[in-house]
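Bear in mind the structure is a predicted one, so any value in this text is a computation, not a measurement. Residue numbering restarts at 1 for every chain, and letters A, B, ... go by the order of the sequence lines.
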Amino acid sequence: MSTETGPVIEPAQMPDGVRVPGDVHVRLEHVEKTFPGRGRRGVPQTALKDVDLEIRRGEVFGIIGYSGAGKSTLLRLINGLEVPSSGRVLVGGHELTALGERGRREVRRDIGMVFQQFNLFRSRTVAGNVAYPLKVAGMGRDERERQVARLLDFVGLLDRAHDHPEQLSGGQKQRVGIARALATEPSLLLADEATSALDPETTGEVLALLRRVNRDLGVTIVLITHELDVIRAVADRVAVLDAGRVVETGSVYDVFARPRTEAAARFTGTTLRDRPSPATLARLRAAHSGRLVTVRVRDRAGFQTRLARTFLDHQVAAEIVFGGISELQERPVGGLTFELTGPDGAVDTALAALRADGVDLIEEPE
Amino acid sequence: MHEFLTNLAVYREAIRQTFYIVLISVSVGGLLGLGLGLMLYATRPGSLSANRPVFVLVNLLVNVVRPIPFVIFLTAIQPIMLHTIGTTIGTNAVTFALSLSAAFAVSRIIEQNLLTVDPGVIEAARAAGARPISILVTVLIPEALGPIILGYTFIFVAVVDMSAQAGLFGGGGLGDFAITYGSQRYNWPIVYITVATIVVIVQAGQFLGNWLARRALRR
Ligand SMILES: Nc1ncnc2c1ncn2[C@@H]1O[C@H](COP(=O)(O)OP(=O)(O)OP(=O)(O)O)[C@@H](O)[C@H]1O
Ligand SMILES: [Mg+2]
């Protein structure tokens, strides 16, 4: 979204002479990560395979995948907590993979991270938690206190500064986590399932806060989750991670309005209800004798009028038997399943006409 | 009772010696043990500064030394004592041996308590760009402070216990007093008064430790 409003960055001069275009904040090139197996007989685990990603400055980039897909590993590669087995990781012009642990530590200080379980220091107060990264960065006491107050004010917890984490609710804890992650004013924020431990309402509050972090502070956010709703609420672009591979990347709308892979479709199928599940399909078949065709809803003007007119023109009766339309990034998205009946060949010609018109339709299997 | 009063000065001196032995052993052993424990924790495979050779070496050393009974340990390290403090008997010799012995016990207590700290918290500190040493001192120790204080309290009690054996090596102290002036002369009041004194010292230490640990844990 705010790629235009973000600061103008000079293309960074890479240590090895490679130039990264200014609008790319994070880039992964052919990244592989294999963990050695535990113990002598352990089997090596390949968590990521040939991952290529480009995350732009100022965007909210979502990474969605099921448990074990490699999401956390991917995130930890971006702040150098983990090093890839091969491939390159570039962050803000630094090639992480060319740096030693000390160099990676420096880069990490410009990257905030929030966690599913909050990971707050129980031995410190709320203010002490937020102050921690500033102490690490060597900021003097007065300046530190001012900065902590500013951040707690930003997340709405200034009055809880002297409380300890166990006195806070889950949502409040995560707000402290976010304040801590933003303490050193990083340009990049990594969120690992930041809302997965929260109830729906609190999730909404935390997501709204992340949105503000992105819009008001211009921070690039990489957010990983297994929930499509989270992606829908905040992400501009998304990558679908399946068994260690990035199988789709694009705008949230493009990926989820028209998923090209099974993995992406599995996420949309459950939340968007854009296609009947096999069980539903079986029930529909029992109740309807005509051909079942699902049309993906698009945000083209007059889309449904044209659909209706085509069916009419070919004397095809179209009965909506399943589907729904919802909104993704303020654009309509969904699917409608029709039962089509008509004279010999009429259904085929109608479908051909629609396809020629660019309508995305799927004939449901018998 | 009359006997006890005539030996009051000796009793006072015995208390002083016990405090001398215990306080120095707990402080020196506590510090050495803290260092060893941090080393054990940090060099363990997969930890902050994993270093297999160092870990294996320190781990082995602790495992070998710890089960040795104190009296035998004290005898066994006499050559080292001669080299470092120039004597193998007396209060200082006993204090020296107790400090070492306590250090090994403390190292395990530190290591175990650090291992119980939530790995997520360490991850958060690492993500903030903190160095391993700084994570040990500013995150791990504070996060495990309550149980660590209780561990030190446990060591304090154990050291008071072991210091009673100091008499065997001319180290003085309450144990020595109870034997020389008490049991050997069949003077039971002296024995019981000494036992009561030790109980009071142990209780006071335990009370202080519990109080500090509760404060650290905010319970
Ligand atoms: N330190 C490690 N050592 C060995 N294997 C690991 C390690 N970390 C992750 N893995 C393996 O890598 C794979 C991906 O793990 P990862 O934690 O990145 O998945 P995830 O997508 O974050 O899953 P979840 O949603 O459950 O958090 C898993 O098979 C996991 O077992
Ligand atoms: Mg994970």
Fill in: Salt-bridge present (A:R150, A:D153; N to O < 4.0 Å)
no

Response to the item:
Most contact-rich option vs chain A, by heavy-atom pairs under 4.5 angstrom, among B:A127, B:A124, B:G46, is B:A127

Fill in: Segment of A:E166 engaging chain B (4.5 angstrom heavy-atom cut-off)
side chain

Fill in: Region of A:F115 that comes under 4.5 Å of a non-hydrogen atom in chain B
side chain

Discussion item. More than 12 heavy atoms of other residues, nucleotides or ligands under 6.0 Å from CG of B:L115: yes or no?
Written reply: yes

Worksheet item: Under a 4.5 Å heavy-atom cut-off, does chain B meet the side chain of A:R104, its backbone, both or neither?
Response: neither

Practice prompt. Tell me, for B:R131 versus chain A, whether the close heavy atoms (under 4.5 Å) come from the side chain, the backbone, both or neither.
Written response: both

Worksheet item: Side chain, backbone, both or neither: which part of A:R180 has a non-hydrogen atom closer than 4.5 Å to chain B?
Response: side chain

Worksheet item: Are B:R16 and B:F19 in a cation-pi setup, meaning NZ or CZ lies under 6.0 angstrom from the ring centre and within 45 degrees of the ring axis?
Response: no

Practice prompt. May I ask you to name which of A:V107, A:L120, A:L190, A:N119 has the most heavy-atom pairs under 4.5 Å with chain B?
Written response: A:N119

Discussion item. Counting only non-hydrogen atoms closer than 4.5 Å, does B:A144 touch chain A with its backbone (N, CA, C, O), its side chain (CB onward), both, or neither?
Written reply: neither

Worksheet item: Taking A:H164, A:E106, A:R102 one by one, which has the highest count of heavy-atom pairs under 4.5 Å against chain B?
Response: A:H164

Discussion item. Is it the case that over 12 heavy atoms from other parts of the model lie below 6.0 angstrom from the CZ atom of B:R215?
Written reply: no

Item to complete: Give a yes-or-no answer on whether the side chains of B:N92 and B:T95 include a donor-acceptor pair shorter than 3.5 Å.
Response: no

Practice prompt. Under 4.5 Å heavy-atom distance to chain B, tell me which part of A:L81 shows up: side chain, backbone, both or neither.
Written response: both

Discussion item. Tell me whether the NZ or CZ atom of B:R66 lies within the 45° cone about the ring axis of B:F73 and under 6.0 Å from its centre.
Written reply: no

Worksheet entry | B:L98 vs B:S163 side-chain heavy atoms within contact, under 4.5 Å | yes

